[in-house]
Asker: 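Please find one structure pasted underneath; my questions will follow.
By convention in this document, chain letters (A, B, ...) are assigned in the order of the sequence lines, proteins followed by strands, and residues within each chain are numbered from 1.
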Number of protein chains: 2
Amino acid sequence: MVCHFTNAVMPMSSSSKGDLRTFVRIDFPDKERLGPGKMQLLEHIRATGSISAAGRAMDMSYRRAWLLVSALNTMFATQVVDSQRGGKQGGGAVVTEFGEELLRRYHAMQQRVDTALTSDFEWLNSNRRHS
Amino acid sequence: MVCHFTNAVMPMSSSSKGDLRTFVRIDFPDKERLGPGKMQLLEHIRATGSISAAGRAMDMSYRRAWLLVSALNTMFATQVVDSQRGGKQGGGAVVTEFGEELLRRYHAMQQRVDTALTSDFEWLNSNRRHS
DNA sequence: TGGCGTTATATCCTTAAGAATATAAATCCA
DNA sequence: TGGATTTATATTCTTAAGGATATAACGCCA
């Protein structure tokens, strides 16, 4: 499994120190990854009740959004997003309770990394070639 | 800046918990990244005194190895690898003192992440679809 | 001087990721 | 019944990353 902690300018919940922002990315042993993209998409799905609307909100093709959701659903033993087609609005998608827990976990990991690596990020930032 | 903590089967110094191994990857605001690939290459350069030998040891094309070293040298204010061509062995490369400190920092970050995210990795591992 | 091994590049090719597009399929509602 | 909207999926195209290859440049040494 692989886990990335990203520190960049991104419109995601993250704590900043100086001009740095951090977020988490995790890669599983095979090739599947779990990062801010899928988590943000998950939040948009929760907000809109639709994969396509969430994709549009992130300026992402529906195909890609659907692939991300599909990956999420296949990489965990429990369903992360439930979707249905047809019906009044043509269909929709909801984040499962497991998906909600995954989001909470993800944010908690973010917090833990922020605090654990504060000094490292400061060192990296002060030693990196700015601009 | 982006930081990845990767947990996968890889021949790198990393602590394992269960069948998981973690390592760190960092992405800077632009597009430059710092992860196990460059760090491992750095260790091979230290061991062999040569970019090409380090690349061969990692089964990596010289072009790629050189690009990674070039990226390392341009993303930090201080040189990470010093190289020279010509001479007895045809040339060579050495990891600078800053490069050594970078390696130490990287390993320290690995340690910190390992301890900070133990419970999260356990949760992810127990909830992921195995196989 | 010429050979050797390495750094330093450029050029071309292959491949994988994602965008664009198209089309079923489902289900409600007018 | 047909339209509207979304899920689900296939197909084609574009683009970016890396591999393969070639070639200078460099400086020791035989």
Side-chain angles (χ1 to χ4, degrees), chain A residues 2 4 6 25 27-28 30-38 40-42 44-75 79-96 99, chain B residues 2 4 6 10 25 27-28 30-42 44-75 79-96 99:
Chain A
V2 179
H4 301 184
T6 303
R25 173 165 296 138
D27 295 7
F28 287 76
D30 35 40
K31 265 306 180 188
E32 301 165 323
R33 299 189 296 179
L34 179 63
K38 290 200 186 76
Q40 197 173 347
L41 182 66
L42 218 55
H44 279 290
I45 290 174
R46 178 172 55 182
T48 63
S50 158
I51 295 176
S52 61
R56 283 194 297 272
M58 293 181 66
D59 200 42
M60 171 189 297
S61 68
Y62 171 76
R63 178 186 177 275
R64 173 140 182 73
W66 185 86
L67 284 176
L68 294 182
V69 168
S70 174
L72 274 172
N73 280 334
T74 55
M75 71 197 296
Q79 199 84 352
V80 174
V81 171
D82 278 338
S83 58
Q84 49 193 347
R85 56 184 171 181
K88 185 157 58 176
Q89 256 69 23
V94 295
V95 177
T96 67
Chain B
V2 178
H4 302 183
T6 303
M10 260 197 74
R25 174 165 295 138
D27 295 8
F28 286 76
D30 33 41
K31 266 308 180 186
E32 301 165 322
R33 299 189 295 180
L34 178 64
K38 290 201 185 76
M39 292 299 98
Q40 197 173 347
L41 182 65
L42 218 56
H44 280 289
I45 290 174
R46 178 172 55 182
T48 63
S50 157
I51 296 176
S52 61
R56 282 195 298 272
M58 294 181 64
D59 200 42
M60 171 188 299
S61 68
Y62 172 76
R63 177 186 177 274
R64 173 138 182 75
W66 185 85
L67 283 176
L68 293 182
V69 169
S70 173
L72 274 172
N73 279 334
T74 55
M75 72 196 296
Q79 199 84 352
V80 175
V81 172
D82 277 337
S83 60
Q84 48 193 345
R85 55 185 173 182
K88 185 156 60 177
Q89 256 69 22
V94 296
V95 177
T96 66

Asker: What pairs of nitrogen or oxygen atoms, one from the protein and one from nucleotides 28-30 of chain D, lie under 3.5 Å apart?
Answerer:
none

Asker: Test of understanding: with side-chain contact (heavy atoms from CB on, under 4.5 Å), list the residues that count as partners of B/Q79, not counting sequence neighbours.
Answerer: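 Only B/N73, B/D82, B/T96 meet the side-chain contact (heavy atoms from CB on, under 4.5 Å) criterion with B/Q79.
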
Asker: Could you give the distance from CD (B/E32) to OG1 (B/T74), rounded to the nearest 0.5 Å?
Answerer: 5.0 Å

Asker: I'd like to check B/L34 versus B/L72 (side-chain heavy atoms, cut-off strictly below 4.5 Å). Are they in contact?
Answerer: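 With C-beta onward as the side chain, the pair touches.
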
Asker: Rounded to the nearest 0.5 Å, how far does CG of B/L67 lie from CE of B/M60?
Answerer: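 It is 10.0 Å, given to the nearest 0.5 Å.
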
Asker: Does any part of the side chain of B/V80, heavy atoms only, come nearer than 4.5 Å to the side chain of B/K38, both counted from C-beta?
Answerer: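 No, every pair of side-chain atoms sits at 4.5 Å or beyond.
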
Asker: Name all residues meeting the side-chain hydrogen bond (donor to acceptor under 3.5 Å, both in side chains) criterion together with A/S52; count only those two or more places apart in sequence or in a different chain, and write none if there are none.
Answerer: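 For A/S52 the side-chain hydrogen bond (donor to acceptor under 3.5 Å, both in side chains) partners, ignoring immediate neighbours, are A/S50.
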
Asker: Can you pull out every salt bridge (Lys or Arg N to Asp or Glu O under 4.0 Å) where at least one residue sits in residues 53-72 of chain A? Sequence neighbours excluded, please.
Answerer: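 Every candidate salt bridge (Lys or Arg N to Asp or Glu O under 4.0 Å) pair involving residues 53-72 of chain A fails, so no pair, neighbours aside, qualifies.
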
Asker: For A/A54, check side-chain contact (heavy atoms from CB on, under 4.5 Å) against everything at least two apart and list the hits.
Answerer: A/L41, A/H44, A/I45, A/T48

Asker: Mind listing the closest non-hydrogen atom pair of A/G55 and A/A65 along with its distance?
Answerer: CA-CB, 4.1 Å

Asker: What are the 5'-most and 3'-most nucleotides of DNA chain C lying under 4.0 Å from any heavy atom of chain B?
Answerer: C/dG5 to C/dT11

Asker: A/R85: what forms a side-chain hydrogen bond (donor to acceptor under 3.5 Å, both in side chains) with it, not counting sequence neighbours?
Answerer: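 Scan of A/R85 (side-chain hydrogen bond (donor to acceptor under 3.5 Å, both in side chains), adjacent residues dropped) gives none.
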
Asker: For DNA chain D, what residues of residues 45-55 of chain B have any heavy atom nearer than 4.0 Å?
Answerer: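 DNA chain D contact set from residues 45-55 of chain B: none.
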
Asker: Hey, which of these two, A/G90 or B/Q89, hits DNA chain C nearer its 5' end, going by closest nucleotide?
Answerer: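 Result of the comparison: B/Q89.
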
Asker: Could you pull out the closest heavy-atom pair between B/I51 and B/Y62, with the gap in Å?
Answerer: CG2-CE1, 3.7 Å

Asker: I'd like to compare against my own output: the B/S/- annotation of nucleotides 15-24 of chain D with a strict under-4.0 Å heavy-atom distance to protein.
Answerer: ---BBB----

